[in-house]
Amino acid sequence: LLDPLVKGKKKRLSFKTRHKRKDESTYDALIDLQVMEMMGDRAFVATALDVTEQQGKDREYEEKILLKTMQLETINQLLKINAETDFNLEEKLKRGLEFIFKIPWLKVLEKGGVFLTNTKTNELDLFISWKLGEKIEGLCEKVKMGHCLCGRAFETKELVFASCVD
């Protein structure tokens, strides 16, 4: 490791290593090693920088990039489903819902539906459903503005989260 410095082939070396403190705990360090000459003598000068916190930030950044990549891949797949010309709107929406419920990083209950706004009655009409069951499908066939979670989302134009169906 020190050979390039000793032979004068390099003036400086940088590398990562793990150091041990007096209390026996360890930390990751970036070492910068140089050879210096002073008054005819050569000496190694080393600086150690604790990079544990930076590595944690790097991991967080990598995880964010991975999540964004998965999200973009998901959007791409949904756009592909939409671009398929062999299917009508209902079939595209069914395929889209099925795809969404199978996304491993998306932690949702595998049940849902797609509503369309009925502009004549100002209600939501259940257009397609996925594993809702007959009872819920019957209750949700038509949803008035402000009624239940879907009706509140329709009314406020915002996402509504709840731990159970009301």
Side-chain angles (χ1 to χ4, degrees), residues 12-21 23-32 47-166:
R12 159 184 252 146
L13 286 176
S14 291
F15 55 93
K16 286 184 181 178
T17 186
R18 183 164 287 249
H19 276 253
K20 190 180 281 189
R21 297 181 181 98
D23 67 0
E24 300 294 315
S25 65
T26 59
Y27 66 97
D28 293 323
L30 178 63
I31 306 299
D32 185 62
T47 56
L49 177 64
D50 185 342
V51 293
T52 307
E53 188 176 315
Q54 182 60 43
Q55 286 181 329
K57 289 178 183 175
D58 290 348
R59 273 191 289 281
E60 281 180 34
Y61 181 71
E62 288 170 7
E63 288 172 6
K64 285 180 182 179
I65 288 175
L66 180 61
L67 180 60
K68 289 291 182 195
T69 301
M70 291 187 299
Q71 289 170 342
L72 289 172
E73 288 172 357
T74 299
I75 291 168
N76 187 40
Q77 287 299 317
L78 290 171
L79 289 172
K80 283 182 182 178
I81 290 170
N82 184 53
E84 292 174 352
T85 56
D86 299 339
F87 302 106
N88 62 22
L89 177 62
E90 184 176 358
E91 186 59 31
K92 287 179 183 183
L93 290 172
K94 281 182 183 177
R95 294 178 75 159
L97 264 185
E98 181 180 5
F99 175 78
I100 288 168
F101 290 132
K102 294 190 185 318
I103 297 171
W105 54 266
L106 187 62
K107 306 289 184 225
V108 294
L109 191 60
E110 272 192 55
K111 294 180 179 185
V114 175
F115 291 92
L116 297 180
T117 304
N118 185 327
T119 54
K120 292 178 184 169
T121 62
N122 203 27
E123 293 177 324
L124 294 175
D125 292 339
L126 183 62
F127 187 63
I128 62 160
S129 65
W130 182 262
K131 297 182 181 181
L132 286 178
E134 286 182 35
K135 183 178 180 185
I136 298 289
E137 284 178 5
L139 290 169
C140 297
E141 188 176 1
K142 295 207 173 282
V143 176
K144 294 183 188 305
M145 187 184 297
H147 179 73
C148 77
L149 297 173
C150 296
R152 279 186 250 149
F154 175 48
E155 182 178 48
T156 62
K157 310 284 190 271
E158 293 181 6
L159 292 175
V160 177
F161 294 97
S163 60
C164 62
V165 177
D166 61 350

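The salt bridge (charged side-chain N to carboxylate O under 4.0 Å, His left out) test applied to Lys80 returns no partner, not counting sequence neighbours. With sequence neighbours excluded, no residue forms a salt bridge (charged side-chain N to carboxylate O under 4.0 Å, His left out) with Arg59. Take Gln54 and apply the side-chain hydrogen bond (donor to acceptor under 3.5 Å, both in side chains) test, not counting sequence neighbours, and it matches Asp58. Here Asp50 pairs with Arg21, Tyr27, Thr52 under the side-chain contact (heavy atoms from CB on, under 4.5 Å) rule; sequence neighbours left out. Legend: residues meeting salt bridge (charged side-chain N to carboxylate O under 4.0 Å, His left out) with Glu24, ordered by chain and number and at least two apart, are Lys20. Remark: Glu110 pairs with Lys131 by the side-chain hydrogen bond (donor to acceptor under 3.5 Å, both in side chains) rule, at least two apart or across chains. Listed by chain and number, the residues in a side-chain hydrogen bond (donor to acceptor under 3.5 Å, both in side chains) with Thr17 amount to none (sequence neighbours excluded). Judged as a side-chain hydrogen bond (donor to acceptor under 3.5 Å, both in side chains), and not counting sequence neighbours, Thr74 has no contacts. Take Lys92 and apply the salt bridge (charged side-chain N to carboxylate O under 4.0 Å, His left out) test, not counting sequence neighbours, and it matches no residue.
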Go through it in stages, so that I can follow the logic: the residues are Leu124 and Leu116, the test is side chain to side chain contact (heavy atoms under 4.5 Å, CB included), and I'd like the CA-CA distance, side-chain angles, deciding distance and then a yes or no. CA-CA 6 Å; Leu124 294 175; Leu116 297 180; over 6 Å; no
Test log, rule side chain to side chain contact (heavy atoms under 4.5 Å, CB included), inputs Glu90 and Phe127: CA-CA 8 Å; Glu90 184 176 358; Phe127 187 63; 3.9 Å; yes
Working for side chain to side chain contact (heavy atoms under 4.5 Å, CB included), residues His19 and Thr26: CA-CA 5 Å; His19 276 253; Thr26 59; over 6 Å; no
Quiz: residues 65-72 side-chain donor-acceptor pairs under 3.5 angstrom, not counting sequence neighbours:
residue: Thr69; atom: OG1; partner: Ile65; partner atom: O; Å: 2.8

Show me, pair by pair, the donor-acceptor contacts under 3.5 angstrom made by side chains of residues 99-109, not counting sequence neighbours?
residue: Lys107; atom: NZ; partner: Pro104; partner atom: O; Å: 3.0

Do any side-chain atoms of residues 132-143 form donor-acceptor pairs under 3.5 angstrom with protein atoms, and if so which ones, sequence neighbours left out?
residue: Glu137; atom: OE2; partner: Ser129; partner atom: OG; Å: 2.5
residue: Lys142; atom: NZ; partner: Asp125; partner atom: OD1; Å: 2.8

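Using a 4.5 Å heavy-atom cutoff, the side chains of Thr47 and Ile31 are not in contact.
Under 4.0 Å is where a charged nitrogen must lie from a carboxylate oxygen, and between Arg95 and Glu84 at least one such pair does.
Remark: Glu155 CD to His147 NE2 distance equals 12.0 Å, nearest 0.5 Å. The CD atom of Glu98 sits 8.5 Å away from atom CD1 of Ile81, with the distance rounded to the nearest 0.5 Å. One distance of note links CG of Leu30 with OG of Ser14; it measures 5.5 Å at 0.5 Å rounding. Between the OG1 atom in Thr121 and the CG atom in Asn118 there is a gap of 3.0 Å [rounded to 0.5 Å]. One finds the NZ atom of Lys16 at 8.0 Å from the CG atom of Asp28 (value rounded to the nearest 0.5 Å). For the atom pair OG1 (Thr117) and CG (Asn122), the distance works out to 8.0 Å, reported to the nearest 0.5 Å.
Under a cut-off of 6.0 angstrom, the local environment of CZ in Phe15 is crowded, with over 12 non-hydrogen atoms contributed by other residues, nucleotides or ligands. Other residues, nucleotides and ligands contribute more than 12 heavy atoms inside 6.0 Å of the NZ atom of Lys157.
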